[in-house]
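One is the number of the first residue; the rest follow in order along the sequence. Computed from a predicted model, the values in this text were never measured in an experiment.
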Amino acid sequence: MIEQFIESGDWLPFAFAFLIGVSMLLYAILDGYDLGVGILSLQVKGEDKEKMISSIGPFWDANETWLVMGVGLLLVAFPTAHGVVLTNLYIPVTVMILSLVFRGVSYDFRKKVAPEKKGKWNTSFFVSSLLVALTQGYMVGRFVIGFKTGLLSEFFSMSFGFIVTAGYVLMGSTWLILKCEGELQKRALVWARIALWFMVLGAIMSSLAAVFLDTRIYDRMFSFPELTLLIIMPVMSMILTVLMHIICRVLPLENDKLSWLPFVISMFIFVFGGIGLVYSFYPYIIPGHLKITDAAASRESLWIILVGTLVVFPFLMGYTALAYRIFKGKVKLLTYD
């Protein structure tokens, strides 16, 4: 029975859907914190700004590879779904890509230009980081409601942009708590508490809009066994939110104890939120429109893609782990000398 199931390849579409989900979740966590640091960089000047941006220096470029991985797998494993997504999100995708380009340029140019020109590149780094966060959140919102149109749909999508941006700022703040010391670390603790409750506000706004917009999620919430998992996810997120608020009021402790805990908690908030979101529209790859099995490429193509994925995926995981191991510890100022 098991051998027949494996040989049939019926599991392949679900395996690729899982890999896409993992890739996008890793991107949201890893690139989320460095986008958050970029957004927060407007709040400080001088050496503190340099420390903040230096804290993401060894990682931000590699973090973005997970976005490439997720979108690439969607393209080759679910070409129909990829076409639907890009058709409906052409403008925000374009804005996001341009913002990512300007963000990379700004990061390098701000360190190399004359001091009097540095300010505009700092501003460009902030604006591009903010635009990436807002467009990604907006796109997630549009995707979740199956690309519905109308005023209420736009409100829901924009509120999701608000949630994702606040979430990225939260991740960025907790990253700074982990990597920085002194006054900058204390300021990051304040930023984390503010971002946390802005994220809660965004979640309330989107939940209220969803009641009038689409009952699919709520139908699943009030049926068994879906009720169990879909209730557990937000409950766990709420518990972690309260715990985060308490921890951020207690820190910093002597010898920098538990400075890693807010970042870990924020990661789990993202994980529980992601699992709840994905489960709410399973088994669809495009919520309400295309199921995973209907949108998948042919079994023969998926087998070939799987071989390449099994080669690339471990390398990405290993490279990411190695980078964080090499550059662990408190931040040091980066130079081009």
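- For the atom pair Leu74 CG and Met69 CE, the distance stands at 12.5 Å (nearest 0.5 Å).
- Summarising the geometry, atom CD1 belonging to Ile247 is positioned 11.0 Å from atom CG belonging to Leu240; distances are rounded to the nearest 0.5 Å.
- Counting heavy atoms from C-beta outward, Phe16 and Thr309 have side chains that approach closer than 4.5 Å.
- A heavy-atom distance below 4.5 Å is found between the side chains of Met244 and Thr174.
- Here the CG-NE2 distance, from Asp294 to His289, works out to 13.5 Å after rounding to the nearest 0.5 Å.
- The aromatic ring centres of Trp121 and Phe126 sit 6.0 Å or more apart.
- In this structure the side chain of Leu25 reaches within 4.5 angstrom of the side chain of Val271, judged on heavy atoms.
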Inset, instruction - Under the side-chain hydrogen bond (donor to acceptor under 3.5 Å, both in side chains) rule, what do Ser124 and Ser106 come out as? Steps first, then yes or no, please. - result: CA-CA 6 Å; Ser124 176; Ser106 302; 2.6 Å; yes
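- Contact check on Glu50 versus Lys118 returns a salt bridge, with a Lys/Arg side-chain nitrogen under 4.0 Å from an Asp/Glu carboxylate oxygen.
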Inset, instruction - Step by step, work out the side-chain contact (heavy atoms from CB on, under 4.5 Å) result for Leu176 and Ser55. - result: CA-CA 8 Å; Leu176 293 173; Ser55 73; 3.8 Å; yes
Legend entry - Worked verdict on Ile56 versus Trp175 for side-chain contact (heavy atoms from CB on, under 4.5 Å): CA-CA 9 Å; Ile56 64 174; Trp175 176 255; 4.0 Å; yes
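- Electrostatic pairing of Asp48 and Arg187 does not count as a salt bridge here, judged by no charged N lying under 4.0 Å from a carboxylate O.
- Between Leu40 atom CG and Lys49 atom NZ the span is 10.5 Å, to the nearest 0.5 Å.
- Across Tyr319, Tyr27, Phe313, a single residue satisfies ring pair (Phe, Tyr, Trp, His ring centres under 6.0 Å) together with Trp66, and that is Phe313.
- A 4.5 Å side-chain heavy-atom check between Leu30 and Phe59 finds every atom pair outside the cut-off.
- The pair Arg103-Asp34 counts as a salt bridge, with a side-chain nitrogen and a carboxylate oxygen less than 4.0 angstrom apart.
- Here Phe160 and Tyr138 keep their ring centres 6.0 angstrom or further from each other.
- For the pair Phe263 and Met171, the minimum side-chain heavy-atom distance is below 4.5 Å.
- Taking 4.5 Å as the limit, every side-chain heavy atom of Val37 sits out of range of all side-chain heavy atoms of Trp60.
- Contact check for Phe147 versus Leu89: side-chain heavy atoms found under the 4.5 Å cut-off.
- Side chains of Pro252 and Leu189 form a contact here, defined as non-hydrogen atoms less than 4.5 Å apart.
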